[in-house]
Amino acid sequence: MSLNFPDNFLFGSATSSFQIEGHPHAKGAQPSIWNTFCKKKFAVKNGHNGTIACNHYELWEKDLEIIRRLNLDSYRFSVAWPRILPAGEGPPNEKGLDFYDQLTDRLLEYDVTPMLTLYHWDLPEHLQAKGGWAHPQSPDWFANYTRAVASRLADRVPLWVTFNEPWVFLHLGMVTGEHAPGYRDPAHAAMAWKHVLLAHSRSVETLRSCSESIEVGLACNISPFIPASSDEKDIEATSRMEAYHNRLFLDPWLKDSFPDVADHAFGRYTPAWTESERSEAATEIDFLGINYYSPNRIAHQSDTFLEVGIRPPKPPVTDMNWEIYPEGLYEVLEWAFERYGPLDLYVTENGCAYTDSVGNGIVKDNRRIHYFKNHLEQCSKAVSDGIPLKGYYAWSLLDNFEWSFGYEKRFGIVHVDFSTQQRIIKNSGYFYRDLITSVKEGKKE
Ligand code: GCO
C-alpha cells in the first residue's frame, strides 16, 4: 500500500466528552441535555447513559498513554460545556477547566497536537430549560463559553473546532427527535439554525481575540447523495437532501449564500434575517473538518419531510448499516475543496462500527483494518491530486457511547470492556500505529 502524505500531515484519533468521560457531576459540573435525554424511556438502546461511559474522567492518563503507544500525531477531543459553565453562563468553574488543562499539558508532553472541539452536543441542561439554541441569547452564551475555554487553553491548543456536525444535532435533536433534546419542532429547529450560524461566528471572533496564532474551523458530516433511480423526481429529491444535509450551514458560513432548501425545510418557520445578521454569519475560518462515513441513497417520497425517502444501502455495510464506499471520501474532499477552497481540510472523523470479540487479549478486527486501509488510500489520492488535506482522525480512539445506540456499536481502535473498563488495543490500532510509523520512516529516507 503506497501512501503519499505531506511531511506535517497529522495522523490522529477522535473522541467526544459525553461519549467517553462519565462523571457528569464531578467538581461542580451540572447535567447536559444528553444526561436528561438518556432518562427518557426508549430514548437510548438498552437504557444506556453517560454516567460512567469509558470512565475517561478518571482513566484519562491511561488513555493518553495509549495515544502515545499508538504513535499518534494528534488527538481530537471535546470540552464539556457543563463542566466549564455548569449553569451555562456566568463565571467559569476553574476546577472544570483544570481537567482539560492537565489533559492538554500531557498531550504536549507526549508531543501530540491537541485539536479541541468546543461543542460536541452536550449543551448545559440549564440553557435548554431557557430555550436552548432557539433562544436569541444562545449565540452570546456560546461566545461566553468560548472565552472561558480559550482564555485558559488558547496558549497551548493550536487547532480549534467550534461545532461538531451542526446538521446532526439540529436535525436529529429538533426535527426527528432521535437525539437530545428529543424535539420534533420545526419552529425550534428553524430558530436554532439561525442562532448556531451566529454562534459560530461570534465564537470565531472570540477565539481570534484570545490568540492570533491558533487555527479555527468546523467539523461537518458531509456525504455523497446518490439518486435511487434516473427518475427526475428521485434526482430532485436527492439534490434537495444534499443541500439540506451538506450545505444548510456551510453555504451561509463559507459562501454567504442561504440555500433555498432552508425555506423548503422550515417553511413558515423560516427565520427572518437582517442584512447585518447575514453578513455576520459569513465568517472566514482556517480549516474545514469533514466527518465522513458513508453515502446516502435517496428517492422521492411525497409524504415525508422534504419529500425525501432514504433507500437501503448497497452492501457491504458496517454494523450501523452504513454503506462502505471509500471513494466517497475522495468525492467529499474534492467537493469541499472546489466549493469552499482554498481552505485547509481535515478528515476529523472516519471509522466503522463492528462487533468485536476478544480472544486471549487480542481483538482481530480485520474488517476495521480493511475499512481504514481503503479510506486512507483515498486520502493519499486526494493529497496526490493537490487537495490540501492536512490530517486524518480515526473515529474513534475508544469504543464509546454511540448516542441513541448506547454502547452496542463499537467504533474504537481500542476495545473497552464496559464492565471492567479494561482497554485492549485492537489489531486495527496496531495497524494504524504501524502505518503512521512507516509513513514517518518513509519521510526520513
Ligand atoms: C458523529 C459524531 C460522533 C459519532 C460518530 C459515529 O459524527 O455523529 O461526531 O460522535 O459517534 O460519527 O456515529
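Ligands are counted one by one from 1 in listed order, and the atoms in each one are counted from 1 as well. Numbering starts at 1 and runs along the sequence shown.
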Atom 13 (O) of ligand 1: closest protein heavy atom, distance to 0.1 Å, is Glu402 OE2, 2.7 Å

Compute the ring centroids of His171 and Trp167, then answer whether they are less than 6.0 Å apart.
yes

Taking only non-hydrogen atoms of Trp395 and a 4.0 Å limit, the atoms of ligand 1 in range are 3 (C), 4 (C), 5 (C), 6 (C), 10 (O), 11 (O)

Atom 5 (C) of ligand 1 has as its nearest protein heavy atom Tyr293 OH, 3.3 Å

For atom 9 (O) of ligand 1, the closest protein heavy atom turns out to be Glu349 OE2, 2.6 Å

The answer for which part of Trp167 has a heavy atom under 4.0 Å from ligand 1 is neither

Pair Asn144-Arg202, side-chain donor/acceptor within less than 3.5 Å: no

Do Arg76 side-chain atoms and Thr348 backbone N/O form a donor-acceptor pair below 3.5 Å?
-> yes

I want to know if ligand 1 touches His120 in the polar sense, i.e. an N/O pair below 3.5 angstrom. yes

Item to check | Residue pair Tyr346, Leu159: steps toward the side chain to side chain contact (heavy atoms under 4.5 Å, CB included) verdict | outcome: CA-CA 11 Å; Tyr346 288 85; Leu159 298 170; 3.9 Å; yes

Paired with Lys130, the side chain to side chain donor-acceptor pair (under 3.5 Å) test is passed by just one of Glu89, Gln137, His135, namely Glu89

Polar contact flag for Gln19 and ligand 1 (N/O pairs, less than 3.5 Å):
yes

Correct closest heavy-atom pair for Arg339 and Lys255 would be O-NZ, 3.5 Å

Ligand 1 to Asn164, heavy atom cutoff 4.0 Å, flagged ligand atoms 2 (C), 9 (O)

One finds that the ligand 1 atoms under 4.0 Å from a non-hydrogen atom of Glu165 are 1 (C), 2 (C), 7 (O), 8 (O), 9 (O)

